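In what follows, a single structure is set out as structure tokens and then discussed.
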Amino acid sequence: MVNNTKKLKRQGAGPRPRRAAVVSRLVGFARDENGVMVPLTLFLFLIMLIGGGMAYDFMRFEMERVRLQAVMDRALLAAANTKNDLEPKEIVKDYFAKADMASYLDPDDISVINRAGYRRVEAQANKQISTQFIGQVGVDVLDVSARGIAEESIGNAEVSLVLDISGSMGRSSRLSNMRTAAKEFVDTVIKEDTEDLVSVSLVTYSSQVNPGRDIMTRLNVTQLHDYSHCIEFKDSDFDTTAISPDTSYTQFPFFADNYDTGGYIDSPECPDESFEEIVPFSQSTAKLKDVIGDLQARENTSIHLGMKWGVGLLDPAFQPIIQSMAEADDNGGSELVPDVFADRPTAWTAGALKTVVLMTDGENVKTIRIRDEAYETPSMRYHWAYNELSSWLDEHVDEDKHDDYYRTAYTADEGDDLLDRICTEAKKKGIIVWTIGFEVNNDGADVMEDCASSPAHFYRVEGIELSEAFGSIARQLNQLRLIQ
């Protein structure tokens, strides 16, 4: 009996310890931090999985887009090439077929504009790629597209070809090499597909430049005689590219300094032969090559004067002169300048390529001029047209009086300075300046390199390398006038 009572007592006291244990365990579970990061980790993993899947799908999209665009670009550039005789639309289709993308291209999405000297090709291609991950969020496909436009147009170009015909060009085969090289240059620059687009102005220089009667009479020049047609520039004229009908100029004296002819001087400082005159804005290879073929070596070297005229023919200030010449005929009834070039030289902003190719075989030298007081009257001018300066002075005037008759116009260094000034102004205006030093010494090479648009625009050559230099420049000019 006693034992049962004890047992009942123990049973009656049991529920309270069990509840305490349960509560204790629940409190411990609530306080226990083990495993609390698992849900967050699973959530973040899911986010990363989706993000990585999206990145993979978008990477596939971008790779395919780049591939499609690359094929499109190559196809359009090939189709827009004006030298390609194949049908532009067929070229584009063939490129896509070769890349196994023909199904992406609708021929109706290819448009072509094709006319002389100009071609424009436009196309669009589309493709869909299936997604592997972002389809879970409702994006089953991505649209890949490529579009492009390519055009090639032969732009307008105004070229001044400035050639040295000074006495040193008569040495060895220099003049012969120059004639050959210049003719090849003309044939390379002026072609059938450049008709009415590319003009070449030929400027030859020695101690002076002869623009010719037709140009000089259209400028504001104080004319002193009718023996020749050169112009005397002031130093300040080399600080501008312009040769303008609004500017007042003085005619250059007609005289000879270095050669005793024993009669009417036949080698004046101002060239007076018809083939020594400037040929402005021509596209006739026959005319230009005929003049080049007649060139003869003569007198001294004034590179800055050749450059001044070459640049001046590119400045829009000269346009009224060319327009007037285009509207007139020469004595033989042929045109002085083609009508199509009446608006040249064009405005600086018109987009035409303006370039000078300046060639020399020497350096500037000290140059003299007859003093104004010895050239004032018609009889004085007539006298110097028949009497070479130095010889006459040696025979008739005491040596200490020679300075009364002539002065130094500029020294070699001053001529180089004037050349540098006009080259600088030309480059400021955006004119591309190419220079060729033909069998020059180091000083001459330095002067010509400084004049060029960059060291890469300067060529120092010997002998038959002259043709290679002219050919290289001509090919680069052709590339420069192609606007893609």
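Computation of the quantities below employed the complete heavy-atom set of this structure, encompassing side-chain atoms and omitting hydrogens, waters and symmetry-equivalent molecules. As the structure is a computational prediction, the values presented were derived from the model and not from experiment.
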I'd like to check [X] versus [Y] (side-chain heavy atoms, cut-off strictly below 4.5 Å). Are they in contact?
{"X": "Ser379", "Y": "His383", "value": "no"}
{"X": "Asn220", "Y": "Pro245", "value": "no"}
{"X": "Tyr104", "Y": "Leu68", "value": "yes"}
{"X": "Thr180", "Y": "Ser467", "value": "yes"}
{"X": "Met325", "Y": "Ile215", "value": "yes"}

Residue pair [X] / [Y]: nearest heavy atoms and the distance that separates them:
{"X": "Arg344", "Y": "Ser199", "answer": "NH1-OG, 2.9 Å"}
{"X": "Phe470", "Y": "Ala182", "answer": "CD1-N, 4.4 Å"}
{"X": "Ile149", "Y": "Arg120", "answer": "CD1-NH2, 3.3 Å"}

Look up atom [atom1] in [X] and atom [atom2] in [Y], then write down how far apart they are to the nearest 0.5 Å.
{"X": "Arg65", "Y": "Ser145", "atom1": "CZ", "atom2": "OG", "answer": "8.5 Å"}
{"X": "Glu399", "Y": "Leu393", "atom1": "CD", "atom2": "CG", "answer": "10.5 Å"}
{"X": "Met169", "Y": "Leu163", "atom1": "CE", "atom2": "CG", "answer": "8.0 Å"}
{"X": "Asn210", "Y": "Ile278", "atom1": "CG", "atom2": "CD1", "answer": "7.5 Å"}
{"X": "Glu184", "Y": "Leu466", "atom1": "CD", "atom2": "CG", "answer": "9.5 Å"}
{"X": "Asp315", "Y": "Thr346", "atom1": "CG", "atom2": "OG1", "answer": "10.5 Å"}

Exercise for the section: Determine, step by step, whether Phe438 and Thr360 satisfy the side chain to side chain contact (heavy atoms under 4.5 Å, CB included) criterion, reporting the C-alpha distance in whole Å, the side-chain angles of both residues, the deciding distance to 0.1 Å, and the verdict. Expected result: CA-CA 6 Å; Phe438 181 36; Thr360 189; over 6 Å; no

[X] and [Y]: side chain donor to acceptor below 3.5 Å:
{"X": "Thr355", "Y": "Trp434", "answer": "yes"}
{"X": "Asn441", "Y": "Glu363", "answer": "yes"}
{"X": "Ser284", "Y": "Ser282", "answer": "no"}
{"X": "Ser207", "Y": "Asn300", "answer": "no"}
{"X": "Ser166", "Y": "Asp164", "answer": "yes"}
{"X": "Thr240", "Y": "Glu425", "answer": "no"}
{"X": "Ser302", "Y": "Tyr410", "answer": "yes"}
{"X": "Ser391", "Y": "Glu395", "answer": "no"}
{"X": "Asp196", "Y": "Gln283", "answer": "yes"}

Exercise for the section: Could you check whether the rings of Phe341 and Phe281 sit parallel, tilted or perpendicular, using 30° and 60° as the cut-offs? Expected result: tilted

Using atom types as modelled and distance alone, determine if a side-chain donor or acceptor of [X] lies under 3.5 Å from a backbone N or O of [Y].
{"X": "His225", "Y": "Phe252", "value": "yes"}
{"X": "Thr424", "Y": "Asp420", "value": "yes"}
{"X": "Ser172", "Y": "Arg174", "value": "no"}
{"X": "Thr377", "Y": "Met380", "value": "yes"}
{"X": "Tyr205", "Y": "Met307", "value": "no"}
{"X": "Gln208", "Y": "Ile231", "value": "yes"}

Problem - Working for ring pair (Phe, Tyr, Trp, His ring centres under 6.0 Å), residues Phe233 and Trp309 - result: CA-CA 10 Å; Phe233 290 112; Trp309 275 105; 5.7 Å; yes

Salt bridge or not between [X] and [Y]? Use side-chain N to carboxylate O under 4.0 Å.
{"X": "Glu273", "Y": "Arg298", "result": "no"}
{"X": "Arg460", "Y": "Glu449", "result": "no"}
{"X": "Asp403", "Y": "Arg407", "result": "no"}
{"X": "Asp226", "Y": "Arg213", "result": "yes"}

Problem - Full working for salt bridge (charged side-chain N to carboxylate O under 4.0 Å, His left out) between Asp361 and Arg171 - result: CA-CA 10 Å; Asp361 77 326; Arg171 300 172 188 167; 6.0 Å; no

Exercise for the section: Step by step, work out the side chain to side chain contact (heavy atoms under 4.5 Å, CB included) result for Asp404 and Lys401. Expected result: CA-CA 6 Å; Asp404 294 341; Lys401 300 292 186 180; 3.7 Å; yes

Problem - Member of Tyr227, Tyr406, Tyr375 meeting the side chain to side chain contact (heavy atoms under 4.5 Å, CB included) criterion with Pro253 - result: Tyr375

Handout entry: Working for salt bridge (charged side-chain N to carboxylate O under 4.0 Å, His left out), residues Lys183 and Asp187
Key = CA-CA 6 Å; Lys183 289 178 181 179; Asp187 280 332; over 6 Å; no

Problem - salt bridge (charged side-chain N to carboxylate O under 4.0 Å, His left out) evaluation trace for Lys366 with Glu414 - result: CA-CA 9 Å; Lys366 177 183 176 180; Glu414 288 170 342; over 6 Å; no

Exercise for the section: Evaluate the side chain to side chain contact (heavy atoms under 4.5 Å, CB included) criterion for residues Ile436 and Ile473: first the C-alpha distance (whole Å), next the side-chain angles of each, then the deciding distance (0.1 Å), finally the verdict. Expected result: CA-CA 10 Å; Ile436 301 174; Ile473 294 171; 3.8 Å; yes

